[in-house]
Asker: 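A single structure is presented below for examination.
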Amino acid sequence: MNFTKATSVARFILLLLVIVTLLACSIFGVYFSDDAQLYGIFEEGTIRLGLDLAGGSSITYQAKNDGGEITDSGMDSVLEVMRNRLDNAGFTEALVYLYGDDMIVVELPSVEDPSKEAMNFMQTAELQFKVNGQSTAALTGDDVASATAGYQQDQTTGKVEYVVNLEFTVEGAKKFAEATKTCATTKKTLDIYVDDVCISAPTVSAEYASSGITGGKAVISGGFTTYEEAEALANNIDAGALQYDLEQVSMESVKASLGEDALKISLLAGLIGLLLVMVFMMIYYRIPGVWASIALVAYTALFFFVLIIGQFNLTLTGIAGIILSIGMAVDANVVIFERMKEELRAGKSVKLAIKSGYKRALWAILDSNITTLIACAVLYIFGSGTIKGFATTLAIGVVISLITALLVSRALLNLGVGMGIVNVKAYMPIGGGKKDA
């Protein structure tokens, strides 16, 4: 065994160990400490399941307008804001729909008893900045371009506090500079109101008396006991204020329409399908099929990790997206192996056939996958609920399939050549050695 062959064998074993370790960690989890651990994919609670698999809660809200008229356009606006807030809060699989003329129903997956923290994204979140003593708002939520939750250190106590970072629009930045200039000159506070409740009243230093605070940014602090509270307010401000007040009129549990058995059957079907594909690839494509099967194991491990870390709500349509993306992963390998076959039949060595096969197949693979990603983007932007779930899992699968097909499979093919597996017949699919009639 020469050095090159020994190095290739060592690298091959190392790559296998990495793939097996990733798969084992994604299945069984990783423990670092009590505060830092990664749970396995099949551990209860690791993956949030959709309404069809895990059930949840159904909450009905009635719009109130202090005696004013409730219009269809106003309810459509409320529906859109609520949908955005739910997406921002991570409830991408939640269902939101109108009921009657003035009611909205929200169905939340895997939420059996919504707490105040879980439901505060339904507050009106009307943001106003007022110079103390003035009744008219100097700025409103419409002047905010973005709002994000964060941390900062209190200059007085030294403690870390939760805050909401605001970035104003161009017009909002001008209004904020003018308001802070007034406060600095008159030594008044700039009171921050959310739903007519003053949650913060910061002072403005006299150094800003000439120009006010410029830069178009501000921080809301002092009123949050948890990060989730700051995050909820940021999400609500970012999504916009509700046009009407919402009063909860009912809340009830929703049973899973399909149940745990449906999930197990779907996962079992997906696993059987994956194994059948791997067996077919190994029988038909021989050595390249073996490498492609190992790459599919890597694909599975990476996908599990993304599902665990991303905390997606998984429904049956989402599982369908996963299974479809497995087909995309196999398809990329098939295109590459067919190009390799043509190069081998032209008389090239295995090493050159691998290089040329990937070069010829690259753009075809990219074109098909980019087209699929565009379709996923359209579904995600214009769809809702389970449609977004399908688009999300399919898009993730397409990206991971590209990584495994273009990097992992290629690395295994090259390592195989380095280990001395260079018999042309071993790289030819069944019947691939025959010339076309």
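Along the sequence shown, residues carry numbers from 1.
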Asker: So Ser58 and Val105, do their side chains get closer than 4.5 Å, heavy atoms only?
Answerer: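 Yes - at least one pair of side-chain heavy atoms lies under 4.5 Å apart.
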
Asker: Side-chain contact, heavy-atom cut-off 4.5 Å: Leu190 with Asn132?
Answerer: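 Not in contact.
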
Asker: Output a table of donor-acceptor pairs, distance under 3.5 Å, between side-chain atoms of residues 21-28 and any protein atom two or more places apart or on a different chain; print 'none' if there are none.
Answerer:
unit_1: Thr21; atom_1: OG1; unit_2: Leu17; atom_2: O; d: 2.6
unit_1: Ser26; atom_1: OG; unit_2: Leu22; atom_2: O; d: 3.2
unit_1: Ser26; atom_1: OG; unit_2: Leu23; atom_2: O; d: 2.8

Asker: Calculate, to the nearest 0.5 Å, the distance between atoms CD and OG1 belonging to Gln128 and Thr136 respectively.
Answerer: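 So the gap between those two atoms works out to 9.5 Å.
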
Asker: For the residue pair Leu98 and Asp76, establish whether any side-chain heavy-atom pair is separated by less than 4.5 Å.
Answerer: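 A side-chain contact exists here, since the closest heavy-atom pair is under 4.5 Å.
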
Asker: Side chain to side chain contact (heavy atoms under 4.5 Å, CB included) between Tyr61 and Val78: does it pass, once the steps are laid out?
Answerer: CA-CA 11 Å; Tyr61 296 92; Val78 172; over 6 Å; no

Asker: Between Ala292 and Met281, what is the shortest heavy-atom contact and its length?
Answerer: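 Closest pair (atom of Ala292, atom of Met281, distance): CB-CE, 3.9 Å.
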
Asker: Roughly how far, to the nearest 0.5 Å, is the CG atom of Leu139 from the CD atom of Glu171?
Answerer: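 Here the rounded value is 9.5 Å.
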
Asker: Output all residues satisfying side-chain hydrogen bond (donor to acceptor under 3.5 Å, both in side chains) with Thr404, sequence neighbours left out; order by chain, then residue number.
Answerer: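 Not a single residue meets the side-chain hydrogen bond (donor to acceptor under 3.5 Å, both in side chains) criterion with Thr404.
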
Asker: Main chain of Met278, side chain of Ser293: is a donor-acceptor contact present, judged purely on distance under 3.5 Å?
Answerer: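 A pair under 3.5 Å: yes.
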
Asker: How many angstroms lie between atom CG of Leu413 and atom CD1 of Ile287, to the nearest 0.5 angstrom?
Answerer: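 Answer rounded to 0.5 Å: 9.5 Å.
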
Asker: With a 3.5 Å distance limit and no angle check, can you tell me whether Asp143 reaches the backbone of Thr140 through a side-chain donor-acceptor pair?
Answerer: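 Yes, because the side chain of Asp143 sits within donor-acceptor range (under 3.5 Å) of the backbone of Thr140.
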
Asker: For the residue pair Tyr208 and Thr185, confirm or rule out a side-chain donor-acceptor distance under 3.5 Å.
Answerer: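 Tyr208 vs Thr185: no donor-acceptor pair found between side chains.
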
Asker: Please list, chain by chain and in numerical order, all residues satisfying side chain to side chain contact (heavy atoms under 4.5 Å, CB included) with Thr392, sequence neighbours excluded.
Answerer: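 Thr392: side chain to side chain contact (heavy atoms under 4.5 Å, CB included) contacts with Phe312, Tyr380, Ile396.
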
Asker: Are Met75 and Ile70 side-chain neighbours, meaning at least one heavy-atom pair lies under 4.5 Å?
Answerer: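 Yes; the side chains approach each other to less than 4.5 Å.
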
Asker: Can you check whether Pro202's main-chain N or O pairs, donor with acceptor, with Thr189's side chain at less than 3.5 Å?
Answerer: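 No, the answer is negative, given that no donor and acceptor are paired below the 3.5 Å cut-off.
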
Asker: Does Ile104 reach the side chain of Val96, with side-chain heavy atoms less than 4.5 Å apart?
Answerer: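 Heavy-atom side-chain distance check passes, below 4.5 Å.
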
Asker: If I compare all heavy atoms of Val335 with all of Ala361, which pair ends up nearest, and what's the gap?
Answerer: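 Reported closest heavy-atom pair: CG1-CB, 3.7 Å.
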
Asker: Distance-only, no hydrogens or angles: does the Ser368 side chain make a donor-acceptor pair with backbone N or O of Ile365 under 3.5 Å?
Answerer: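 Side chain of Ser368 to backbone of Ile365, a donor-acceptor pair under 3.5 Å: yes, one is there.
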
Asker: Got a sec, which residues hit side-chain hydrogen bond (donor to acceptor under 3.5 Å, both in side chains) with Asp102, two or more places apart in sequence or on another chain?
Answerer: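 Residues passing side-chain hydrogen bond (donor to acceptor under 3.5 Å, both in side chains) with Asp102: Gln62.
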
Asker: If you measure from CG on Asn414 to CZ on Arg11, what distance do you get to the nearest 0.5 Å?
Answerer: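 Result: 11.0 Å between the selected atoms.
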
Asker: Measure the shortest side-chain to side-chain distance between Val277 and Leu296 over non-hydrogen atoms and say whether it is less than 4.5 angstrom.
Answerer: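 They are in side-chain contact.
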
Asker: If you define the side chain from C-beta out and look only at heavy atoms, does anything of Tyr299 sit under 4.5 Å from Ser325?
Answerer: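 In short, these two side chains touch, coming nearer than 4.5 Å.
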
Asker: Can the positive tip of Lys175 be found less than 6.0 Å from the middle of the six-membered ring of Phe168, inside 45° of the ring normal?
Answerer: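 Here Lys175 fails the 6.0 Å and 45° test against Phe168.
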
Asker: Looking only at heavy atoms, what is the nearest atom pair of Cys376 and Ala391, with distance?
Answerer: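 Here Cys376 and Ala391 meet closest at O-CB, 3.4 Å.
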
Asker: Mind checking whether Tyr227 and Tyr151 have parallel, tilted or perpendicular rings, split at 30° and 60°?
Answerer: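 Correct class here is parallel.
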
Asker: For a side chain to side chain contact (heavy atoms under 4.5 Å, CB included) check, start with the C-alpha distance between Lys217 and Phe176, then their side-chain angles and the critical distance, and finish with the verdict.
Answerer: CA-CA 9 Å; Lys217 294 182 179 180; Phe176 184 68; over 6 Å; no

Asker: Mind checking the CZ-CG spacing from Arg410 to Leu362? Nearest 0.5 Å is all I need.
Answerer: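 The distance works out to 8.5 Å.
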
Asker: Looking at CD of Gln248 and CD1 of Ile59, how far apart are the two atoms once the value is rounded to the nearest 0.5 Å?
Answerer: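 Between atom CD of Gln248 and atom CD1 of Ile59 there are 6.5 Å.
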
Asker: With sequence neighbours excluded, what pairs up with Tyr97 under the ring-ring contact (aromatic ring centres under 6.0 Å, His included) test?
Answerer: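 By the ring-ring contact (aromatic ring centres under 6.0 Å, His included) rule, Tyr97 matches no residue at all.
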
Asker: I want to check something: taking the side chain as every heavy atom from C-beta on, are Val334 and Tyr285 in contact at a cut-off of under 4.5 Å?
Answerer: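 Yes, side chains in contact.
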
Asker: For Leu412 and Ala295, work out which heavy atoms get closest and say how close.
Answerer: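 Reported closest heavy-atom pair: CD1-N, 4.3 Å.
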
Asker: If every non-hydrogen atom of Asp191 is compared with every non-hydrogen atom of Ala201, which pair is closest and at what distance?
Answerer: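 Closest pair (atom of Asp191, atom of Ala201, distance): OD1-CB, 3.3 Å.
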
Asker: Can you find a side-chain donor-acceptor pair between Ser250 and Thr60 that sits under 3.5 Å?
Answerer: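 There is such a pair (donor and acceptor under 3.5 Å, judged by atom type) between the side chains of Ser250 and Thr60.
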
Asker: For Tyr162 and Ala230, which heavy atoms make the closest approach, and how far apart are they?
Answerer: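 Minimum heavy-atom contact is CB-CB, 4.1 Å.
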
Asker: More than 12 non-hydrogen atoms from neighbouring residues, nucleotides or ligands closer than 6.0 Å to CG on Asp367, yes or no?
Answerer: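 Above 12, so yes.
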
Asker: Could you go step by step and tell me if Met82 and Leu246 meet the side chain to side chain contact (heavy atoms under 4.5 Å, CB included) rule?
Answerer: CA-CA 11 Å; Met82 291 176 72; Leu246 296 179; 3.6 Å; yes

Asker: The criterion is ring-ring contact (aromatic ring centres under 6.0 Å, His included); which residues satisfy it with Phe12, sequence neighbours excluded?
Answerer: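 Listed in chain order: Trp291.
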
Asker: Under the criterion side chain to side chain contact (heavy atoms under 4.5 Å, CB included), I'd like the reasoning laid out for Ser401 against Asn369: C-alpha separation, chi angles, the key distance, then a yes or no.
Answerer: CA-CA 9 Å; Ser401 71; Asn369 283 274; 3.9 Å; yes

